[in-house]
Protein chains: 2
Amino acid sequence: MTSLRMTSDLRRQLILGAAKRCFARHGYNGTTTKSVAAAAAISEALLFKHFPSKAALYAEILSEECEADPELAVLLEREPSTATLVELIRGMVQYFVEIADGPDQEEAQRLRLMVTSHLDDGEFARLLYAKVEKLIGTVFVASLERAVAAGDAAPPRSEPLNLFWFAHHTVLTAALTRLPATPCLAYGKADDLERQLCEFLLRGIGLNDAAIASHLGRASTPEAKETAIAESA
Amino acid sequence: MTSLRMTSDLRRQLILGAAKRCFARHGYNGTTTKSVAAAAAISEALLFKHFPSKAALYAEILSEECEADPELAVLLEREPSTATLVELIRGMVQYFVEIADGPDQEEAQRLRLMVTSHLDDGEFARLLYAKVEKLIGTVFVASLERAVAAGDAAPPRSEPLNLFWFAHHTVLTAALTRLPATPCLAYGKADDLERQLCEFLLRGIGLNDAAIASHLGRASTPEAKETAIAESA
DNA sequence: TCAGCCTAGGTGAGTGCTTACTCACCCGAT
DNA sequence: ATCGGGTGAGTAAGCACTCACCTAGGCTGA
């Protein structure tokens, strides 16, 4: 094994990256420290110089994975409105639908960790749900209120935040079905799965068809998105 | 280890039951043949007299788990209608919501197997999805058509079957969040989570609020269900 | 009737292999 | 010369799986 010398911090990051890939693909029990060391192109001994145990390595990955997406922050800044609500759902759908065919599989790993947490004690999932709720929940609820006030949506008879979670649930499983090499569901070979999901979710949330059509019809390109944002202000 | 003598078939079933519990709770890699033997109150050697390998035991559980629910068959017999559609969704929601606090945890095990399959090669999930589609899909699509014809639902702009899967996705994750000992989401401490889910899903499918209110408002007891069925005929 | 044995349910004590983890040691740069 | 990055060769425990053996009972045949 001939590997270059490097700083401790960089090595740590390389190990974490390799371990993340391994744990996400094979789960905690299905991953061996030997395979992680091989993926990081180092010896097993060096791995244990950086992390005291396999469990500690796993725990560090989980806590690191809790950090928020920077691109999400953009949505937070937006004025609450029907357009923001639609954009929020569309962004969520897009994110989850594209998880499977992401190039680096990083988002797929996050999904795998999230799901395995549900099968375990659920602690990681609770942490992540809480973070998402703090980040997106408020924008969602405020935007829904505005949409109701503007006559774009029916007043919700449910806890508004739950509507967000229901939508989240839908796209999470949709992404899950596309995780294996051969997808679990074909969705009628739909090429516009994204649009179908958006319509379903927005209807479920309570938006009327006119609002959905007007806000969802356009804005498929970033430029168009900007236009929609400008119009909504 | 003092265990009674018994027939080979009965012993097989006891082992399968114990193994199902183990695999569902800890996954394939997390389950040891020793723990399965202990759960079945027999020696490990006897286990291997009945099943040639751990993998074969797991495979048999998966194929056995593919069998359909008998109670589902009732819904198949019903005349397609808006009421049937609502009942279908309500039944599905009820089934998934009650998974977590089922007494024997048998349904929770099925959910766990289903989800772990998605993280693996997805083969078991594909089988089960295909079976569900054959059983419920036709009734769902036919009922949705009737609902549209009756003016209860907007004509779907999506593949109708996908609407069913979207609804299925939602409740699947909802059940998943309630699988750990402490639920991953509180849903605003909702006691009427079932109703909120039904409304969200039926709206998403395209039913108008009047139809939802009239079909969902009543029929919370079996007797009322019968009434609704009779009225829908 | 009953010794004798034969079979099928059942097990304790392993087998070889893999796992997480350790330790004595190496080497290049300061 | 020393110190931190790096390793080969372990170790003890745990894994899936096996084998020689045990024992209760049913069925012979004399």
Side-chain angles (χ1 to χ4, degrees), chain A residues 1-64 113 116 119-121 124, chain B residues 1-64 113 116 119-121 124:
Chain A
M1 195 67 64
T2 55
S3 67
L4 302 173
R5 292 201 132 223
M6 61 177 68
T7 76
S8 191
D9 281 0
L10 175 53
R11 183 62 79 189
R12 259 186 81 90
Q13 287 316 115
L14 291 179
I15 295 174
L16 278 171
K20 215 187 295 184
R21 269 173 271 140
C22 293
F23 282 127
R25 197 163 302 274
H26 305 109
Y28 182 78
N29 284 306
T31 301
T32 68
T33 53
K34 178 177 278 193
S35 72
V36 172
I42 56 164
S43 68
E44 233 180 316
L46 184 56
L47 194 162
F48 282 98
K49 284 248 162 74
H50 285 275
F51 299 90
S53 72
K54 179 186 175 185
L57 174 59
Y58 188 63
E60 188 147 333
I61 286 176
L62 290 192
S63 70
E64 195 186 59
L113 290 172
T116 52
L119 299 175
D120 196 16
D121 61 359
F124 173 63
Chain B
M1 195 70 62
T2 55
S3 65
L4 302 174
R5 292 198 134 224
M6 59 178 70
T7 78
S8 191
D9 281 0
L10 175 54
R11 183 64 78 188
R12 260 185 82 89
Q13 288 315 114
L14 292 179
I15 294 174
L16 278 171
K20 214 187 298 183
R21 270 172 270 141
C22 292
F23 282 126
R25 197 164 303 274
H26 304 108
Y28 183 77
N29 283 308
T31 301
T32 68
T33 53
K34 178 176 279 192
S35 74
V36 172
I42 56 164
S43 68
E44 230 179 320
L46 185 56
L47 195 163
F48 282 98
K49 283 250 163 74
H50 285 275
F51 299 91
S53 71
K54 179 186 175 186
L57 173 59
Y58 188 63
E60 187 147 336
I61 286 176
L62 290 192
S63 70
E64 195 186 60
L113 291 172
T116 53
L119 300 175
D120 197 13
D121 61 358
F124 173 63

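As the structure is a computational prediction, the values presented were derived from the model and not from experiment. Lettering of chains follows the sequences in order, A, B, ..., and the numbering in each one begins at 1.
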Check: Under 4.0 Å: is that the gap between some side-chain N or O of A:Arg11 and OP1 or OP2 of D:dG5?
Finding: no

Notebook entry, point to check: Does the side chain of B:Leu16 come within less than 4.5 Å of B:Lys20's, by heavy atoms?
Noted result: no

Next item on the list: Report the residues that fulfil side-chain hydrogen bond (donor to acceptor under 3.5 Å, both in side chains) with A:Thr116, sequence neighbours left out, ordered by chain and then residue number.
Entry: none

Checklist line | Contacting residues from residues 47-61 of chain B, given that a heavy atom lies under 4.0 angstrom of DNA chain C | finding: B:Lys49

Checklist line | Minimum side-chain heavy-atom gap B:Ile61-B:Leu113 below 4.5 Å | finding: yes

Check: Does any pair with a residue in residues 34-63 of chain A pass salt bridge (Lys or Arg N to Asp or Glu O under 4.0 Å), and if so which ones, sequence neighbours excluded?
Finding: A:Arg12-A:Glu60

Check: Can you name the nearest heavy-atom pair linking A:Thr7 to A:Leu10, along with the distance?
Finding: OG1-N, 3.2 Å

Next item on the list: Measure the distance from CG on B:Asp9 to P on C:dA8 and round it to the nearest whole Å.
Entry: 14 Å

Item checked: Minimum-distance pair of heavy atoms, taken over all atoms of A:Val36 and A:Leu57 -> CG1-CD2, 4.3 Å

Margin query: Rounded to whole Å, how long is the line connecting atom CD1 of A:Ile15 with atom C1' of C:dC21?
Written below: 15 Å

Please set out all donor-acceptor pairs under 3.5 angstrom arising from side-chain atoms of residues 22-31 of chain B, sequence neighbours excluded.
unit_1	atom_1	unit_2	atom_2	d
B:Tyr28	OH	B:Ala55	N	3.4
B:Thr31	OG1	B:Cys22	O	3.1
B:Thr31	OG1	B:Gly27	O	2.6

Notebook entry, point to check: Rounded to the nearest Å, what distance is computed from the CD1 atom of residue B:Ile42 to the P atom of nucleotide C:dT11?
Noted result: 7 Å

Notebook entry, point to check: What nucleotide, of C:dG10, C:dG12, D:dG6, holds the atom closest to the side chain of B:Leu46?
Noted result: C:dG10

Check: Among C:dA20, D:dT7, C:dT11, which is the nearest nucleotide to the side chain of A:Glu44?
Finding: C:dA20

Next item on the list: Please identify each residue that fulfils side-chain hydrogen bond (donor to acceptor under 3.5 Å, both in side chains) with B:Ser8, with sequence neighbours left out.
Entry: none

Margin query: Any residue in residues 24-38 of chain B with a heavy atom nearer than 4.0 angstrom to DNA chain D? Just list them by number, or reply none.
Written below: B:Thr31, B:Thr32, B:Thr33

